[in-house]
Amino acid sequence: MSEWWQNLVDQFTMAFITDDRWKYIVRGLGNTLLLTFLALILGVIIGIIVAAIRSTYDKQYAEMRKGLGKGILAFVDKICKIYLTVIRGTPVMVQIMIIFFVIMASSTNKILCGVIAFGINSGAYVAEIIRSGIMSIDQGQTEAGRSLGYNYVQTMWYIVLPQAFKNILPALANEFIVLLKETSIACYVGVVDLTGGANIIRGITYQSFFPLIAVALIYLIMVMFFTKLVSLLERRLKSSER
């Protein structure tokens, strides 16, 4: 038993203590969180724009008079539909490889490439979340805004979107958790994220158990932590509605 235990201690020491190899995990964790947060911000920006266009088309197109504005709205709505279809219909791994090795092949900033790749992917899902939130707001809210003298953009920004965000905040938080786990594939295109740090240790020590178990536990702890925050957020929103 002591020999088995000593073997585990030796493997742990070789994986993390020798040459301060634990720093690969810490560096990877920092890159994972940075990549996730920045990609989510980009995804929310894209999502708001796409959702606003799609919901405007659904709500206003039939009532608009024929003209340039109606034609432009139909065109950009078609572009948004193509974007949603392509991004949601293709594997995220393929999208990332296209961004890294085709579109941004000359870039040396792998974190930036990852942010753009995951941001574009996340934007498609965030767009549908936000659009569902906008469509859930009663049409009377829009009419109330127009009666106050707001134009359509002002009504959306000051009245509809704040109410929609309150409804979809838990769903957006869950999208963040999904995105956090999805970024683990970034190591396959050279990003030293959490999984990439474990792969570096594996390549040096030829050991897989401790590096991979450590990464799995870190992801599990982060997901449990953010899931708890989401549940607290949902509870707070429900109590504020009473």
Side-chain angles (χ1 to χ4, degrees), residues 36-90 92 95 115-180 182 226-227 229-242:
T36 303
F37 278 109
L38 293 181
L40 183 66
I41 292 173
L42 178 59
V44 168
I45 293 172
I46 295 174
I48 290 174
I49 295 172
V50 173
I53 293 171
R54 293 278 293 111
S55 59
T56 300
Y57 180 88
D58 291 341
K59 289 185 173 185
Q60 301 292 318
Y61 185 79
E63 300 176 2
M64 292 176 67
R65 290 176 295 181
K66 290 184 179 181
L68 180 62
K70 188 172 185 178
I72 292 175
L73 179 60
F75 175 75
V76 294
D77 179 72
K78 185 67 69 176
I79 295 297
C80 290
K81 286 180 178 178
I82 293 172
Y83 161 72
L84 293 173
T85 300
V86 171
I87 297 300
R88 299 176 72 193
T90 55
V92 61
Q95 297 168 20
V115 168
I116 293 174
F118 284 109
I120 291 174
N121 178 266
S122 179
Y125 296 93
V126 170
E128 289 300 282
I129 293 173
I130 296 176
R131 188 174 77 91
S132 66
I134 292 174
M135 299 302 290
S136 69
I137 303 301
D138 189 84
Q139 183 65 23
Q141 297 292 320
T142 303
E143 294 172 358
R146 303 302 288 270
S147 68
L148 292 173
Y150 290 159
N151 59 33
Y152 183 78
V153 174
Q154 290 173 322
T155 302
M156 287 289 292
W157 184 256
Y158 292 112
I159 296 178
V160 177
L161 279 177
Q163 296 181 68
F165 266 111
K166 183 179 179 181
N167 294 338
I168 65 174
L169 210 50
L172 285 178
N174 283 320
E175 170 62 21
F176 169 78
I177 294 174
V178 172
L179 182 60
L180 174 66
E182 281 186 346
F226 288 118
T227 302
L229 288 183
V230 171
S231 65
L232 291 175
L233 178 62
E234 290 177 338
R235 211 172 303 161
R236 177 67 61 88
L237 290 176
K238 287 180 181 178
S239 62
S240 66
E241 292 174 356
R242 295 173 184 172

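Computed from a predicted structure; not experimentally measured. Computation of the quantities below employed the complete heavy-atom set of this structure, encompassing side-chain atoms and omitting hydrogens, waters and symmetry-equivalent molecules.
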Exercise. Atom CG of Leu73 and atom CZ of Arg54: how far apart are they, to the nearest 0.5 Å?
Worked result: 10.5 Å
For this session: Kindly say whether Phe118 contributes a backbone atom to a donor-acceptor pair with the side chain of Ser122 at under 3.5 angstrom?
Result: no
Exercise. How many angstroms lie between atom CZ of Arg131 and atom CD1 of Ile48, to the nearest 0.5 angstrom?
Worked result: 15.5 Å
Problem set entry | Ala51 to Ala127 - nearest heavy-atom pair and separation | CB-O, 3.4 Å
Seminar exercise, completed: Scanning both residues in full, the closest heavy-atom pair of Leu84 with Ala124 reads CD2-O, 3.4 Å
Problem set entry | Note, Glu175 side chain near Val126 side chain (heavy atom, < 4.5 Å) | yes
Exercise. Could you go step by step and tell me if Tyr57 and Val76 meet the side chain to side chain contact (heavy atoms under 4.5 Å, CB included) rule?
Worked result: CA-CA 9 Å; Tyr57 180 88; Val76 294; over 6 Å; no
For this session: Determine whether Asn121 and Glu182 make a side-chain contact, defined as any pair of heavy atoms from C-beta on separated by less than 4.5 Å.
Result: yes
Seminar exercise, completed: d(Phe75 CZ, Ile53 CD1) to nearest 0.5 Å is 11.0 Å
Exercise. Roughly how far, to the nearest 0.5 Å, is the CD1 atom of Ile116 from the CG atom of Leu42?
Worked result: 7.5 Å
Exercise. Do the side chains of Leu172 and Phe165 get nearer than 4.5 Å, heavy atoms only?
Worked result: yes
For this session: May I ask you to decide if the ring planes of Phe226 and Phe37 are parallel, tilted or perpendicular, using 30° and 60° as cut-offs?
Result: perpendicular
Exercise. Got a sec: does the NZ of Lys78 have more than 12 other heavy atoms crowding it under 6.0 Å?
Worked result: no
Seminar exercise, completed: Closest non-hydrogen contact found for Val86 with Thr90 is O-OG1, 2.7 Å
Problem set entry | Reported CG-to-CG distance for the pair Leu40 and Leu179, which is rounded to 0.5 angstrom | 6.0 Å
For this session: Give every residue pair that meets the side chain to side chain donor-acceptor pair (under 3.5 Å) criterion with at least one member in residues 39-50, sequence neighbours excluded.
Result: none
Exercise. Are any side-chain N or O atoms of Gln95 and backbone N or O atoms of Ile87, one a donor and one an acceptor, separated by less than 3.5 Å?
Worked result: yes
Seminar exercise, completed: The side chain to side chain donor-acceptor pair (under 3.5 Å) partners of Ser132 (sequence neighbours excluded) come to none
Exercise. Can you tell me how far the CD1 atom of Ile130 sits from the CD1 atom of Ile46, to the nearest 0.5 Å?
Worked result: 11.0 Å
